Amino acid sequence: MAERYPFDQIESKWQKHWDENKTFKALDHLTDKPKYYILDMFPYPSGAGLHVGHPEGYTATDMLARYKRMRGFNVLHPMGWDAFGLPAEQYAIETGTPPAIKTAENIATFKRQIKSLGFSYDWDREINTTDEAYYKWTQWIFLQLYKKGLAYEAEVAVNWCPELGTVLANEEVINGKSERGGHPVVRKPMRQWMLKITEYAERLLSDLDDLDWSESIKDMQRNWIGKSEGAEVTFPVSGHDLSLDVFTTRPDTLFGATYMVIAPEHPYVKEITVTEQQADVEAYAIKAGYKSDLDRTELAKDKSGVFTGAYAVNPVNDELIPIWVSDYVLMSYGTGAIMAVPAHDTRDYEFAKAFDLPILEVVSGGDISVEAFTQIEDGFMINSATADRSFSINDLKPSEAIDKTGEWLESTGKGHVTVNYKLRDWLFSRQRYWGEPIPILHDENSVIPLSDSDLPLTLPVLERIKPSGTGESPLANAKEWLNVVDPTTGKVYVRETNTMPQWAGSCWYYLRFIDPHNSDQAWDLEKEKYWMPVDLYVGGAEHAVLHLLYARFWHKVLFDLGYVSTTEPFQKLVNQGMILGMDGEKMSKSRGNVINPDEVVAQYGADTMRLYEMFMGPLERSKPWNTSGIEGVYRFLSRLWRHFVDENGNIVELSDVKPDKETLTLMHASIKKVGNDLEGLAFNTGISQLMIFLNHLRSLELVPKQALEVFLTLLNPFSPHIAEEIWQLLGHENELVYTKWPEYDEQLLVKDMVKLAVQVNGKVRAQIEVEVDADKDVILKLAHDQNSVQQHTEGKTIIKEIVVPNRIVNIVAK
RNA sequence: GCCAGGGUGGCGGAAUUGGUAGACGCAGUGGAUUCAAAAUCCACCGGUGGCAACACUGUGGGGGUUCGAGUCCCCCCCCUGGUACCA
């Protein structure tokens, strides 16, 4: 390890200074400065403390925040805690420690660790989702959703574990057994709160286009929303006074529908099944009910199913086709029933083969004796006309046939063109204690929302948190809390025992940061107008779909209600990559490759830690930690210190004269490069430029004071403690934090001589130095004068000579 | 299977978007300093051949476009993330 520079003293000194002076306080109504809102995804404060992945994103946003301040922006850069959630509740069940206590401890650890890195958060805006002053407004937003008709109750199957007497989250169920104890888990319908996110599907999809997010994240959201255009077609059931609606994206293949399939949970299953098939169908439906969604897909290869004995009428040609029940059709998508076109759908093809059902080709171009032909771009329609020829799509391309069939369905009333989404409504309730209570009362047959003045509805303090045994949340045990007696009528109401999911608090925290202490409103509308939208949002890609989709949904609802001024909350989004262990594997306790940020800070200091986190590589990419790599950046900072500060802590002798030409050019090139790299979040190359700059300064006999000052200014966003300290030693009264970022002079970056490579047939043979924008003839003459060029052109005819000004010369000879 | 991103020295990574591949850092080698080591400083550092000048070769593999390709086009292989009977 290099000789220590006193980073521990320097860093604690400046961190204390920033704290005491509230250096990073964001000003709400400072309208003469442009605003910049930089947000980190706030962490769940786990018991394990911070790992090196957290500070990666925080370091990046901090560097940008500090840079933006130097650029004259009023920066909002806050931090808080997403502190509701399962681990604290499980810990409480095991140990008896109340979740609030454990959570407070964890937050203290996280805060200490985050502060040790010198991040420039406005700590006066710290928020905590478990704080009743915060969740009062989470509940208030829920009531807004409820009043708008976007929250409703439904019977939904949950993972019920009879042994544990509790409902489990999907991730707590492994292979149909509980993660803890390995007890069997069954699907049990329970009353749940749902949010109608599907009502916003189209807007959530189309508004993605204008966001400055990576294409891959946008695509994940698009896939999740899963819009598909098609038609709904009605198939009357023969001999019954009912019909089955199906959704299809391929109405062109209607003539090829040779059977139908309905999901085992379909409401008509019982009704249409003929007596002889009743037993088989019922047995199959029960078996399918036991399978979780996962099991169903695992068995995807082998199609299973049972014939109902009933027939449907294909509306296009009045042919009778059999109706089957199979779990390859999902009740949760479309209508829970499909028309099967085995010739042109892989799944239907497999099913038809398995049960020997007819396969009728209606699009030419494939070989249906081998596999389903699903290409939609190639081929032409065949076998697709009504008996009386009144309707025919024969010889059309499938895409044309889709449109024409759609029109026909509309005009005959046998169906209609429609759109379907994969997105489902959001299951919003959890049978847990440690979450926001849902502000709802029940009586025998109705639901009564609390009024705003009853908020917050606080969590009751339970002596001991334990499962209710019924599948309800532990709140069902809180008898005094549970029952509410109307003082005038004496009527007894029961509180909702479900709580909100962890997503709730994080759906709007970025709005509370704008006005965190407001007790009359969730946030002030004027402040919201000033600060929103979030200009940069940085966090892990694990939240690419759910958190971001849920938050966007709430934001749009709040927009419709007039509480926010933008349609989208997060204008620009960046996902930091993962930091891997030294072995290139994901860090985990079991692998023993976890790096503890506390140890890194203790050994090398926060400035080095920050610098290394960003020097490793591009922010978005995953990259492995390397202990000798951190030595490198540590040496860089040590060299800076040693070169300019003597043993007594005084600045060494500097020159007051103007920097020489080379130094001046490099100085201005660095201002440009480092600034551009910070804007583009390309921290690694910015740091590399700082290293080049310092290497040059160290090569000088006497360093011009001005050059060192510029260097420190550029270094400040990256390693602020050491930069401030040397800056102060230079005698400056003001702090670097709000020092203006230097301007560069483009004129100085224009060189007067350039080196050109001379190629012969595309291979570099010589290097020449000429004046900038030198004449083509001059360049060529000089090029031909080179020995090596002559060697390689000797005896050859010159066919072509390419001169790219200030770049390259290429002589083509044969 | 499908969607997205990515394969560059021993390692992390640069490369003005078609113009001298390997910046910067790590590791390594040689030297200076030291009684010695650590630290520090200087030099070298893709591969093959050569004492050297230099030559050939080289950005996952194969083909193509171009005066010129890490960069553009086509085919293939591998890795990472997402998703999965979505009709």
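Quick caveat: nothing in here was measured; it's all calculated off a predicted structure. The sequence lines fix the lettering, A, B, ..., with proteins before strands; numbering per chain opens at 1.
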(request) Answer with yes or no whether the side chains of A:Ser228 and A:Tyr333 bring together a donor and an acceptor at under 3.5 Å. (result) yes
(request) Name the closest nucleotide to the A:Tyr333 side chain, picking from B:C41, B:C67, B:A87. (result) B:A87
(message) Please report the interatomic distance NZ(A:Lys672) to CG(A:Leu714), rounded to the nearest 0.5 Å.
(response) 14.5 Å
(message) My understanding is that a pair needs two contacts under 3.5 Å, Watson-Crick or G-U wobble. By that rule, which nucleotide pairs with B:G25?
(response) B:C11
(request) By nearest nucleotide on RNA chain B, pick out whichever of A:Asn761 and A:Met616 is the more 5' one. (result) A:Met616
(message) Checking A:Tyr421 against A:Thr198: is there a side-chain donor and acceptor pair closer than 3.5 Å?
(response) no
(message) Work out how far the C1' atom of B:A23 is from that of B:U8, and round it to whole angstrom.
(response) 13 Å
(request) Please test A:Arg222 against A:Glu215 for salt bridge (charged side-chain N to carboxylate O under 4.0 Å, His left out), starting from the C-alpha separation and ending with a verdict. (result) CA-CA 10 Å; A:Arg222 289 189 188 111; A:Glu215 238 2 83; 3.2 Å; yes
(message) In whole Å, measure the gap between the P atoms of B:G47 and B:G64 for me.
(response) 30 Å
(message) Between B:U17 and B:A32, how far apart are the two C1' atoms, rounded to whole Å?
(response) 44 Å
(request) Look at the side chain of A:Gln767 and decide which nucleotide, out of B:U20, B:U83, B:C85, has an atom nearest to it. (result) B:U20
(message) Could you tell me the Watson-Crick or G-U partner of B:U40, where both distances fall under 3.5 Å? Say none if there is no partner.
(response) B:A32
(message) Heavy atoms from C-beta onward define the side chain here; which of B:A87, B:G12, B:C3 lies closest to that of A:Pro624?
(response) B:G12
(message) Checking contacts here: which listed nucleotide (B:C67, B:U57, B:C3) is nearest the side-chain heavy atoms of A:Lys763?
(response) B:U57
(message) I need the single residue from A:Met616, A:Glu613, A:Arg610, A:Met614 that forms a side chain to side chain contact (heavy atoms under 4.5 Å, CB included) with A:Phe683. Which is it?
(response) A:Met614
(message) Any side-chain N or O of A:Lys623 below 4.0 angstrom from OP1/OP2 of B:G12?
(response) no
Look for any protein N or O under 3.5 Å of an N or O in nucleotides 21-30 of chain B and output each such pair with its distance, or none.
| from | atom 1 | to | atom 2 | distance (Å) |
| --- | --- | --- | --- | --- |
| B:C24 | O4' | A:Ser688 | OG | 3.3 |
| B:G25 | OP1 | A:Asn695 | ND2 | 3.1 |
| B:C26 | OP1 | A:Arg635 | NH1 | 3.2 |
| B:C26 | O2' | A:Ser628 | OG | 3.3 |
| B:A27 | OP1 | A:Arg635 | NH2 | 3.4 |

(message) Does A:Ser622 reach a base, just sugar-phosphate, or nothing at all? Heavy atoms under 4.0 Å.
(response) sugar-phosphate
(message) Centroid separation under 6.0 Å, is that true for the rings of A:Phe351 and A:Tyr259?
(response) yes
(request) Between B:A69 and B:A84, how far apart are the P atoms? Round to whole Å, please. (result) 44 Å
(request) Have a look at A:Val812 and say if it touches a base, only the backbone sugar-phosphate, or nothing, with a 4.0 Å heavy-atom cut-off. (result) sugar-phosphate
(request) Would you kindly say whether A:Tyr612 and A:Asn626 are connected by a side-chain donor-acceptor distance under 3.5 Å? (result) no
(message) With rounding to the closest Å, how many angstrom separate the P atoms on B:A43 and B:C79?
(response) 43 Å
(message) Pairing check on B:G68: which nucleotide meets the Watson-Crick or G-U wobble criteria with it, both distances under 3.5 Å?
(response) none
(request) Identify which nucleotide among B:A14, B:G19, B:A4 has an atom closest to any side-chain atom of A:Asn810, counting heavy atoms from C-beta outward. (result) B:G19
(message) Tell me which nucleotide, if any, is Watson-Crick or G-U wobble paired with B:U20 when both distances must be under 3.5 Å.
(response) none
(message) Distance check, C1' atoms only: B:U16 and B:G70, in whole angstrom units.
(response) 15 Å
(request) Name the residue closer to the 5' end of RNA chain B, choosing between A:Gly226 and A:Gln791 according to the nucleotide with the nearest heavy atom. (result) A:Gln791
(message) Would you say CD of A:Glu771 has more than 12 non-hydrogen atoms from neighbouring residues, nucleotides or ligands within 6.0 angstrom?
(response) no
(request) When you get a sec, tell me which of B:A87, B:A4, B:G19 is the closest nucleotide to the side chain of A:Ile808? (result) B:G19
(message) Measuring only the C1' atom in each nucleotide, how far is B:G12 from B:G6? A whole number of Å is fine.
(response) 15 Å
(request) Output the single nucleotide from B:G68, B:G81, B:G12 whose closest atom is nearest the side chain of A:Met220. (result) B:G81
(request) Can you figure out which of B:G13, B:C85, B:U20 approaches the side chain of A:Arg621 most closely? (result) B:G13
(request) For nucleotides B:A27 and B:U48, find the distance between their P atoms and express it as a whole number of Å. (result) 23 Å
(message) Using the side-chain heavy atoms of A:Val329, tell me which of these nucleotides is nearest: B:A87, B:G12, B:U57.
(response) B:A87
(request) Might you point out which heavy atoms bring A:Ile402 and A:Pro251 nearest each other, and give the distance in Å? (result) CG2-CG, 4.0 Å
(request) Check whether any side-chain N or O of A:His344 sits under 4.0 Å from OP1 or OP2 of B:A87, and answer yes or no. (result) no
(message) Using the side-chain heavy atoms of A:Arg765, tell me which of these nucleotides is nearest: B:U20, B:C85, B:A55.
(response) B:A55
(request) Quick one: look up who B:G1 pairs with, Watson-Crick or G-U, both distances under 3.5 Å, and put none if it's unpaired. (result) B:U83
